[in-house]
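These notes are about the structure you will find just below.
The shown structure was predicted, so the numbers you read here are calculated from the model rather than taken from an experiment. Values reported hereafter were calculated over all heavy atoms of this structure, with side chains retained and with hydrogens, waters and symmetry mates removed. Nothing fancy with the numbering, it's 1 onward along the sequence.
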Amino acid sequence: MAKPFIINERDVEAVRLPGDGAFWLLEDSQNSDGLFGANRLLLPAGADGTRPHHHTRSTEIFYILDGTMEFLVDGELHHVDKGGLVVIPPGTVHAFGASAEGRAEFFAVLTPGLARFDYFRQLGRIARGEADWDSMDNLHDQFDVHFDGDPTWR
């Protein structure tokens with residue numbers, strides 16, 4: 001059973017991304033006993049967060065902390081400003097990134113949670129040019145992230 005917990009930013013692992021972007025790895029589902037995983041992400045202007053994908057087991061929830069995000073949801077492009085909320089149920093193909101007008105920051109929760117921090121670390125290596133997308137090929141089932149269609153979505 002999950003117990004209350006508190007995580008301070010000073011104790012959080014930051015995965016650096018190009019252009020002063022970063023993932024802050026907040027909860028990898030261990031403290032919440034699998035109830036959820038949570039991250040914060042800062043993207044520079046025009047940067048993609050990820051390519052089109054879906055989750056078979058998890059709902060993904062995004063709350064926009066700053067800037068404007070672009071979301072591709074089932075083939076339709078949406079602009080979501082600061083204070084907006086996006087909920088992606090299992091099976092829904094989606095992608096996201098910062099708008100070209102400026103950087104964007106959001107808080108994301110996946111529920112139920114899976115241990116995905118290694119997935120986000122690998123995304124950081126890919127974004128920094130230290131690995132390529134093929135390095136994810138054998139990890140889709142483990143992290144419940146299944147790529148769909150053309151990686152170029154905008």
Are E76 and F71 close enough, and set up right, to give a side chain to side chain contact (heavy atoms under 4.5 Å, CB included), and what steps lead you there? CA-CA 8 Å; E76 191 173 325; F71 285 85; over 6 Å; no

Contact between [X] and [Y] at the side-chain level, heavy atoms closer than 4.5 Å - yes or no?
X	Y	answer
L26	F107	yes
V12	I7	yes
V109	E27	no
H146	T56	yes
Y119	L139	no
P52	L72	yes
F23	L17	yes
V80	T68	no

Flag for D81-H79: side-chain donor and acceptor within less than 3.5 Å: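 Not at all, the side chains of H79 and D81 share no donor-acceptor pair under 3.5 Å.
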
If only atom types and distance count, is the side chain of T111 paired as donor or acceptor with the main-chain N or O of L35 below 3.5 Å?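 Yes; judged by distance alone, with no hydrogens or angles, the pair exists.
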
Determine whether a donor-acceptor pair (N or O, by modelled atom type, separation under 3.5 Å) exists between the side chain of D48 and the backbone of G97.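 Pair absent, no side-chain N/O of D48 close to backbone of G97.
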
Walk me through whether I126 and S135 qualify under side chain to side chain contact (heavy atoms under 4.5 Å, CB included). CA-CA 9 Å; I126 291 168; S135 65; 3.9 Å; yes

Cluster question for you: counting only ILVMFWY and a side-chain heavy-atom cut-off of under 4.5 Å, with indirect links fine, are [X] and [Y] together?
X	Y	answer
L85	I88	no
L41	F117	yes
F5	W24	yes
M69	L77	no
I61	L42	yes

Could you tell me whether F96 and F62 have their ring centroids closer than 6.0 angstrom?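 So the answer is yes for these two rings.
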
D66 and F106: side chain to side chain contact (heavy atoms under 4.5 Å, CB included), yes or no, with the steps? CA-CA 7 Å; D66 197 22; F106 66 89; over 6 Å; no

Would you check, one step at a time, whether the test side chain to side chain contact (heavy atoms under 4.5 Å, CB included) holds for L110 with T59? CA-CA 6 Å; L110 287 123; T59 294; over 6 Å; no

Face-on cation placement of R51 at W153 ring, 6.0 Å and 45° thresholds: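 Not satisfied by the 6.0 Å and 45° rule.
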
Taking the six-membered ring of F143, is NZ or CZ of R116 closer than 6.0 Å to its centre and within 45° of its axis?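 No, R116 does not lie over the aromatic ring of F143.
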
CZ of R40: more than 12 outside heavy atoms within 6.0 angstrom?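 For R40, atom CZ is crowded (more than 12 foreign heavy atoms under 6.0 Å).
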
Please identify which of these residues, H55, H140, H54, meets the ring-ring contact (aromatic ring centres under 6.0 Å, His included) condition with F147.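 In the set H55, H140, H54, the residue that makes a ring-ring contact (aromatic ring centres under 6.0 Å, His included) with F147 is H140.
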
Is the shortest side-chain N to carboxylate O distance from E105 to K82 below 4.0 Å?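 Looking at E105 and K82, the cut-off is not met.
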
Check the angle between the aromatic planes of H94 and H53 and answer parallel, tilted or perpendicular using the 30° and 60° thresholds.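 Judged by the thresholds at 30° and 60°, the geometry between H94 and H53 is tilted.
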
